[in-house]
Amino acid sequence: MLRYVLVRLATTVPVLWGISVVVFSLVRFIPGDPSHAILLSMVDPGADLSSLEQDLARLRADLGLDRPYLTQYADWLGNVLAGNLGTSLRSGDPVTDELWRRLPATLELAGAALVVMVVVAVPTGIVGAARHGAAADRLARMLALVGVSVPGFLLGLLLMYGFSVHLGWLPTSGHGTPAHLVLPAVTLGLGLAAGTSRLLRAGLLDALSQPYMVTAEAKGLPWRQMLLRHALRNALLPVLTNTGLIVGGLFGGAVIVETVFSWPGIGRYIVDAITGRDYPVIQAFVLAMSLMYGLVNLVVDIGYRFADPRVRVEGAEA
Amino acid sequence: MLKLRTRAAVTASVLILAVSACGGPTTGEVSDAPAAQQTLRFLTINMPRSLDPIHIDAQRILENGLAESLVIQRDDGTLAPGLATAWKAVEPTVWEFELRPGVTFWSGAPSDGTAIAASLDRHKAKNTRAKSVLADMTFSAPTPTTLRVTTTKPDPSVPFRLTTYGIHNAAEADRRGAAFNSDPDLTGFLKPTKFVPGETLVAEANPSYWNKPAAGKPGITKIEARLGTDPQARMLALRSGDAEAEFNVEIDQRLQYEKNKDKFTVHSPAPTTRNIWLNMAKVPALRDINVRKALDLAADRKGLIDGLNHGFAKPATGHFPAGLPYAIDAGTTTDQAAAAKLLDDAGWVVGADGVRTKDGQRLQFKILTYTVFQPLAIALQSQWKKIGVSTELTPVETTASNKMMLDGDFEIATYCSCGSATGDIPGQLRSFYRSGVVSNYGGYTNPQVDTLIDQLGTEFDQQKQHELAKQVQQLVHDDVALIYLYASTQWGAAYTNKVRGVDSNLSRRILPTMWVTG
């Protein structure tokens, strides 16, 4: 197992290097550069821009953007290897500090959304499978379809209208109290719960049709035990496989949800960085996300080995 | 099965209870506040990322009541006293500003002529936006209540150029270093007590402020500002009682605010002229005045105003919006038949596919557009098609459009540099129409216009300045340097009707004379 983990970690290094080259190049291929974004972002519509060209040239030099591409890349990579992700071109603050400052808010949101997802997806998935074809199943499927179809920003605004404007129970936006967390977490969690619920339901239906379930029933096992101990365990395997995508969905969805609810997390920070062509922030974010995906997938693969004995056997044979 | 259903019901109940327990009323905080502790909560997309006035993202602190400038520009472009009470050009290259006596920074240090000169010198040296604007100026303080600004050449726009620079204690900035970003020394009526860059700003009354409300009069003593990036979410915050103001009202939300006038008031800064840029330097067909005039005549302004702006706009009358003393009244009346005739007469013949050609060249353009202006581009595409002009949209995002405009990488563009109320008339007209200037994106050139703009740049008499500005506008209008569509307001300010004392000519500025009713 240790060898497996070490090999997987080792293969991550060239992948990250490749990603660093791609992202470093791509952000510079996109039209528009940070100096434009900085100088033009807050000027009045009729401002005198006659000295813009000189200002842009000066700013590009100040930001080091006039240096050769390879020099910029070598400097950046050297800093990254030394643990320094660079400084934001816009704020001048260290990117590492900015990411660390915002990470707790995003993790808080992601964690709460995950709880919402589990709380919604597992019961509806189980009910859908257990009551296959019945009204409860049809309702669960319909809700899942709605959950998958409704965009996060619309769901967020609808929840805001219902719970903040109409009922006055929860704040519309902001951060700091549990009340502020509810609507963003529900918005993000419901979107993910829909897909997970359908996946779980399909897995359960498949498991329930397997011969071992007939055997279990013939042996007189209680229905609840058959469902929760035997069928559910097998049905969770595709959900576990899907965990990488769920984590992706959490961070991808967080970008939208953080924007709608003004949640001070990484998602909104990266949107601002992309809009403002803040190269070091974009590069650091992509690199950090890539590393995180790599680690999550590694953990999932290891978890899968524990959850599914067949994988261990195949691994041993290999 | 029954147990499963019971569990599901219990789970749902727990969730609902949890949600209810987390909540509690979020309204009423302000209405219950006594007059002596008035809080204004607002949302904006322009939260400062630093409180140091030289920082690129600190501009909003002037409007938030933390920092003050020498001179204030009102929404209609006129100037009002700030830390300077009066100003005059004592020589063509020397301006003197009479400073408000007795003003101190939050630290207690005097904000006198020497300190203000040092503050502006720091802007000149370190503020990215100020380096060009202030490059020509030298600051000195002949007396504690006088600031002298010397320029290398006559410049009638000096007071206007000083409207965006927050005065700060430069000596203290040097001493505090990076800490000045969150712990500055300014002169405003509010002092920050909590600041999360780009997210949250809480500020409370500065007890030593020079212009406190008179005893017994209500006034805002605290602001709570936070970022609100989604326009609909900002409006819902006001409707739910989560905030009393927002400063970036868009058209769709304005429509909803206007439907609830008993609860909300929208203050709109002076409108700006939405225009279409034509790249004459790049596209030969656009050098043909008949083509430009035809495009101008074929643009259905009423349709654009009703369809895209819900009526919150007026047809453009020239570069500057109507109503300003230096605006002209030369709007184009839509006439598609006349547009078609102009093209016919110029030899542009309608082909079998409905698109005109001349000497084998199709009358076909690409329209560069972005986000908010995409519907406008689509509407124009449809309107111009009727006169045999084919267009193709090139939608990009805003940052990309900035560079493409600057590189001249467009044919026609819905880009807003827009004519707007200003205290710097020569600067704005130079930026748009002077030959060779980089922000004259379409490469328009007319020697007569250049001469008038240069003359305008040295004219100190306001009446003469306005007259020259009108002449420039008439010429560029006749040349169809740009297509002026309509004058509309972007980023209005919405307040709940609890907020009083808003100056409609400083609609987004938090003033010490504002207050919140019960």
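Within every chain, numbering begins at 1; the chains are lettered A, B, ... in the order of the sequence lines, protein sequences first and strands thereafter. Note that these values count all heavy atoms, side chains included, but never hydrogens, waters or copies made by symmetry.
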Novice: Examine whether an atom of A:L56 lies under 4.5 Å from a heavy atom of chain B, and if so say whether it belongs to the side chain, the backbone or both; otherwise answer neither.
Specialist: side chain
Novice: Under the ring-ring contact (aromatic ring centres under 6.0 Å, His included) rule, what do B:Y441 and B:W277 come out as? Steps first, then yes or no, please.
Specialist: CA-CA 7 Å; B:Y441 300 110; B:W277 287 83; 5.1 Å; yes
Novice: Does A:Q54, at its CD atom, have more than 12 non-hydrogen atoms belonging to other residues, nucleotides or ligands within less than 6.0 Å?
Specialist: yes
Novice: Salt bridge check, B:R508 against B:D75: does any charged N sit closer than 4.0 Å to a carboxylate O?
Specialist: no
Novice: For the interface with chain A, which of B:R430, B:H319, B:E397, B:R161 has the highest count of heavy-atom pairs at distances below 4.5 Å?
Specialist: B:E397
Novice: Establish, yes or no, whether the cationic atom of A:R101 lies under 6.0 Å from the six-membered ring centre of A:Y269 and within 45° of the ring axis.
Specialist: no
Novice: Examine whether an atom of A:L59 lies under 4.5 Å from a heavy atom of chain B, and if so say whether it belongs to the side chain, the backbone or both; otherwise answer neither.
Specialist: side chain
Novice: Of the backbone (N, CA, C, O) and the side chain (C-beta and beyond), which part of B:H55 lies under 4.5 Å from a heavy atom of chain A, both, or neither?
Specialist: side chain
Novice: Please state whether the side chain, the backbone, both or neither of B:L429 comes within less than 4.5 Å of a heavy atom of chain A.
Specialist: neither
Novice: Report yes or no: does A:S197 contribute a side-chain atom to a donor-acceptor pair with the main-chain N or O of A:A194 at less than 3.5 Å?
Specialist: no
Novice: Examine whether an atom of B:Q232 lies under 4.5 Å from a heavy atom of chain A, and if so say whether it belongs to the side chain, the backbone or both; otherwise answer neither.
Specialist: both
Novice: Which one of B:R434, B:M404, B:R226 has the most heavy-atom pairs closer than 4.5 Å to chain A?
Specialist: B:R226
Novice: Using non-hydrogen atoms and a 4.5 Å limit, figure out which bit of B:R234 sits close to chain A: side chain, backbone, both or neither.
Specialist: neither
Novice: Is A:D62 in contact with chain B via its backbone, its side chain, both, or neither, using a 4.5 Å heavy-atom distance?
Specialist: side chain
Novice: Would you mind checking if A:D272 and A:R90 are paired as a salt bridge, meaning a charged N to carboxylate O distance below 4.0 Å?
Specialist: no
Novice: Counting only non-hydrogen atoms closer than 4.5 Å, does B:L406 touch chain A with its backbone (N, CA, C, O), its side chain (CB onward), both, or neither?
Specialist: side chain
Novice: Would you name the heavy atoms of B:S157 and B:D424 that are closest together and state the gap between them?
Specialist: OG-OD1, 2.6 Å
Novice: Salt-bridged, B:K403 to A:D33, with N to O below 4.0 Å?
Specialist: no
Novice: I need the residue from A:E258, A:M160, A:R268 with the largest number of non-hydrogen atom pairs under 4.5 Å to chain B.
Specialist: A:R268
Novice: If we define contacts as heavy-atom pairs under 4.5 Å, which of B:V438, B:N440, B:T273 has the most with chain A?
Specialist: B:V438
